[in-house]
Every structure is written in C-alpha cells, then in structure tokens.
Amino acid sequence: MSLQFIANYVILATSGLLVTKNYYMSLLYPFLIITTLYAFKFYEYSDDLNEALSRSIFGITIGSLFLFAFCKLFDIQFFTKKLMLILLIFIFILPFLNYILSKISSKTIKPIRYLVVGRKSEIYSILKEIEEKSKGKYQFVEYINPSPVTFKEKIAQYDNVLITDPQLEKEIGNELEQIRQTHKIEYLPNLAEMVLKRIPLEVMQKFEEYYKVYFDNIEESPAKRVMDIFFSLIGLVVYSPVILISAIFIMIEDGWPVIFKQIRVGKDGKEYWMIKLRSMRKQKTDGPKFADDEKHRILKIGRFIRPTRIDESLQFVNVLKGQMSIVGPRPEQVPFVRMFEQQIPYYSLRHKVKPGITGWAQICYQYSSSVEETAIKLSYDLYYVKNRTVFMDLKILLLTLETLIFRRGAK
C-alpha cells in the first residue's frame, strides 16, 4: 500500500510541476487527490481493475472539484485546463499502475509470522479475520498457553510475539523482557484496531482494564462542535430544495404528516426527539422493529430518499440544537437500547458521545437486523468513540459520499 501511495504522489506532483510550474501547489495538491481516492476505497481494490477504475473516476472527480474550489477561494492560479486534462488521463492510468504495483508487492513482501500467547479456542476467529483482512501480511502460526521453558524453545522460530491474554502474559514476564531487543511484542487490541478498524467485543473483554482508561476519559472536542454547526448550516441550505420536493411527494402519496418524529437515545443516555422525513406508510405497530421487518411499509418515494439518506437531512436541525453530531453512532430507539444494554456487553459505551447523522459503523457495516449483527456494528462504534478526531470525522464524511454513490447503507 505504501508503495502505491508513494508512486501516486510522485506522478501527481511531477505532472503538476510540469504543467503549472507552481512548486508549492504541485507538492500539496497530490495529498488532496490521494485523500479522496483513499476515501473512495480506491486502494482497497487495487487488484480489481474494474472496481478500481470506477472508484478512480469518482475519487479524482471529487478531488478535482475540491481542488478547483480551493484555488478559487484563495485566488490561486493552479487549476488550469492542462492540469484538468492530466487528471482526466490519470483516472485511467492510476488503476493500471496500482494493479501492477499490487502484484509486485504481493510477491516481494514477506509475511510476519507470530507466536501467539493465548488460547486458540478463544481468539482464533479474530486472528483469522486479521489474516484475511491483511491479505496474509500477518500470519499466526502457533498458539501457546505458555510456560517459561516452552516459550524459550519456540520463540526463535518466529518474527514477533502477539499477546492475546494479559493473564498469560504475566506467566512469562521475565522471558518477554529478555527478547525485546530481538522480537517485537505486540498486543491484540493494537493489532485488531489497526487492521480491522473496530474493537471486537471479545478483545474488549480480555483487555477490559486497558480499555477502561480510554472510555472513562471521553471528552467532546470544541472543534467538533464548530464543524457540526458549519456543516449543518451548509447542509440545510443545500438540501432545502430536495427536502421541499420530497415532502410534496410524501404528501401526495400518503398525506400528512411529512415529518417523522421519534424519541431516540443520545449522549449520556439522555432522550430527545429526532426528526426526519417520513419514508414509511402510516400504520400502528406493536413495538419497535428492525428495518428488514418493515420493508412492506416503505413508500415509493421512500425507496429513493432512504438509500440516498435524504430522509435524514432534517437531522441537521437536531445537530444545530446540540442533540446530535454530524458524525457519531447511529441514534437508536429507546426499547432497542434497553434490550441491547441487557444482551450486548459494553453497549452503553456508545452513548459516551453524541449520536450522528452518519458514522463509522454506518459506512463500515451493513444495516443490522439482529442482535448478533448489532453486536458487530457496536464494535465499529466503540472504535470510533475511542479513536475519534476531527480528521477522522472528515474522512467519514468523504466515505459517506462514497457510500451514497455506490448505494450501500440505509434500507
């Protein structure tokens, strides 16, 4: 992956310098193009030419629009017709270049072989997922429930040590200290988060004390609130014509009201009224249901405004009122929250931050339609709560755009 980033940066920077002679912008603009390509998951599909090409089209197009707006805003003479032509050509060149580099990397990169300190029965499924997600970069060859003697005998055969159980680690503490100069000692939470971009609940349970430190010290950033207000105002302005047209279609198809109101659970477990455009027929139900159980109620206009998230655009009002954020865990119905809190460990930790219109779990995982799927989706929410930054929020906004274009997400 790093080889692809470097190659893409060099070719973009060189082309910018050749056609514009602007040294500083030629060094800066590749970051914007590569960021939007990354947001559109272009680099995840470098070994699939067709998928990479479609993502290159959208990524470079959106990146070029941002670059054009930036240059206009600050009156920078950089985005010329020649540069626009170069970027158009790169839409087709970069997928082929990265495909070749991907094949080269897969043959030259040596996998990292781990000796795992832990019980295979407890963490095998997670480590298998890490192996698959890393495309074999990490290989977990042998599991031991160690004694100091056994550990010393086996460690020479492996590159690194992976600690998956803090209790077992204590039994070989001295031996681990002795090999720190020759072997890297890694811990499952760090590796799982780095590769999977989520916190599996099994890992959370094993390393509960480690995670408790993070989740006990969650604070909202003032910069995030400024970003929420800024993007909400822009969102309401941009979406207002679409909201009006959608409301008219809802009224024609199923009458009043066009706005759906429901109590949801927000930050610190506080309840609030969430609003959105109504996308389902008026009908009394016998309690909360997953979306899959209510497909028959979706309006014709709802089949358009739900996948495109237009129905949720009114939630910008909730954001302005401070009840929600642009980015955060999905706000859930009160009965569902009470049920999940009883059945899924650590579920209440997602309420350490404000719920969001979009979020890490929403773009990384399908819409959950069972308790088991909700538990998996929670692992992405927990990752966001622990690792959130303003830059991560901006990344999620770009990924949300990718989700909408490729029609993944809401049902």
Side-chain angles (χ1 to χ4, degrees), residues 1-9 11-13 16 27-71 73 79 84 87-88 90-95 97-99 101-102 133 135 193-198 223-224 227-228 230-231 234-235 238 307-309 312 325-330 356-366 380-381 383-384 387-410:
M1 184 66 74
S2 58
L3 181 62
Q4 294 172 6
F5 278 128
I6 293 170
N8 290 178
Y9 177 85
I11 193 172
L12 286 166
L27 293 178
L28 289 174
Y29 98 94
F31 287 109
L32 176 60
I33 300 298
I34 290 173
T35 298
T36 51
L37 285 171
Y38 177 76
F40 275 78
K41 300 183 179 179
F42 171 69
Y43 296 99
E44 291 184 21
Y45 294 91
S46 55
D47 56 352
D48 182 341
L49 273 176
N50 290 331
E51 187 69 25
L53 179 59
S54 65
R55 292 174 185 276
S56 176
I57 292 171
F58 286 110
I60 292 182
T61 300
I62 298 299
S64 299
L65 290 174
F66 283 138
L67 178 63
F68 175 77
F70 179 82
C71 291
L73 181 63
F79 195 82
M84 187 167 62
L87 289 171
L88 180 63
F90 281 161
I91 285 177
F92 303 96
I93 290 178
L94 291 187
L97 173 65
N98 287 357
Y99 178 80
L101 293 175
S102 174
K133 195 76 180 277
K135 298 182 179 179
E193 289 185 41
M194 180 178 68
V195 177
L196 304 181
K197 305 302 180 186
R198 66 186 186 94
K224 183 177 176 66
M227 189 179 83
D228 283 343
F230 176 75
F231 280 110
I234 291 177
V238 171
T308 54
R309 309 288 178 88
E312 297 181 358
S325 180
I326 297 291
V327 178
R330 178 186 175 87
I357 298 175
T358 186
W360 187 241
Q362 290 95 302
I363 62 175
C364 289
Y365 193 71
Q366 64 192 18
Y380 289 100
D381 280 331
Y383 176 85
Y384 171 76
N387 297 284
R388 75 208 184 288
T389 63
V390 170
F391 292 108
M392 186 178 182
D393 283 358
L394 292 173
K395 173 185 174 181
I396 291 170
L397 290 176
L398 283 171
L399 285 168
T400 300
L401 182 60
E402 181 269 340
T403 299
L404 295 177
I405 290 174
F406 286 91
R407 301 300 295 269
R408 298 185 288 106

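Values reported hereafter were calculated over all heavy atoms of this structure, with side chains retained and with hydrogens, waters and symmetry mates removed.
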Considering all heavy atoms, the nearest Ser64-Ile33 contact: N-CD1, 4.0 Å

Could you report the tightest heavy-atom contact between Asp228 and Ser325, atom names first, then the distance? OD2-OG, 2.8 Å

Are any non-hydrogen side-chain atoms of Leu27 and Tyr9 less than 4.5 angstrom apart? yes

Hey, can you tell me if Phe79 and Phe68 have their rings parallel, tilted or perpendicular (30° and 60° cut-offs)? perpendicular

Under 4.5 Å between any side-chain heavy atoms of Met392 and Val327, yes or no? no

Report the C-alpha distance between Tyr29 and Leu87 in whole Å, list the side-chain angles of each, state the deciding distance to 0.1 Å, and finish with yes or no for side chain to side chain contact (heavy atoms under 4.5 Å, CB included). CA-CA 11 Å; Tyr29 98 94; Leu87 289 171; 4.0 Å; yes

Salt-bridge present (Glu51, Lys41; N to O < 4.0 Å): no

Atom of Glu402, atom of Ala39 and distance for their closest heavy-atom approach: CB-O, 3.8 Å

What distance do Ile326 atom CD1 and Phe231 atom CZ have between them, rounded to the nearest 0.5 Å? 8.0 Å

Less than 4.5 Å apart, side chain to side chain, heavy atoms only: is that true for Cys364 and Arg198? no

In this structure, CD1 of Ile57 is separated from CZ of Arg55 (nearest 0.5 Å) by 11.5 Å

Under the side-chain contact (heavy atoms from CB on, under 4.5 Å) test, which residues partner Phe66, sequence neighbours left out? Leu32, Thr36, Ile62, Leu398

Any chance you could measure Lys224, atom NZ, to Asp393, atom CG, to the nearest 0.5 Å? 3.5 Å

Within the 4.5 Å heavy-atom criterion, are Trp360 and Lys197 side-chain neighbours or not? yes

Do Phe92 and Ser56 come within less than 4.5 Å of each other through their side chains, counting heavy atoms only? no

Between CD on residue Gln362 and OH on residue Tyr384, distance to nearest 0.5 Å: 10.0 Å

Who pairs with Val238 by side-chain contact (heavy atoms from CB on, under 4.5 Å), at least two apart in sequence or on another chain? Ile234

For Asn98 and Asn8, run side chain to side chain contact (heavy atoms under 4.5 Å, CB included): C-alpha distance rounded to whole Å, both residues' side-chain angles, the deciding distance at 0.1 Å, then the answer. CA-CA 8 Å; Asn98 287 357; Asn8 290 178; 3.0 Å; yes

For residues Ile363 and Thr358, determine if any side-chain heavy atom of one lies less than 4.5 Å from a side-chain heavy atom of the other. yes

Please enumerate all residues that pass side-chain contact (heavy atoms from CB on, under 4.5 Å) together with Tyr38, with sequence neighbours excluded. Phe5, Tyr43, Lys395

Mind checking the CD1-OG1 spacing from Ile357 to Thr400? Nearest 0.5 Å is all I need. 10.0 Å

Measuring from atom CG of Leu88 to atom OG1 of Thr61, what distance do you get when rounded to the nearest 0.5 angstrom? 8.0 Å

Can you confirm whether Leu94 sits close enough to Ile60 that some side-chain heavy atom of one is under 4.5 Å from a side-chain heavy atom of the other? yes

Closest non-hydrogen atom pair between Ala7 and Leu101, with its separation: CB-CD1, 3.6 Å

Heavy-atom side-chain proximity of Leu401 to Phe40 below 4.5 angstrom: yes

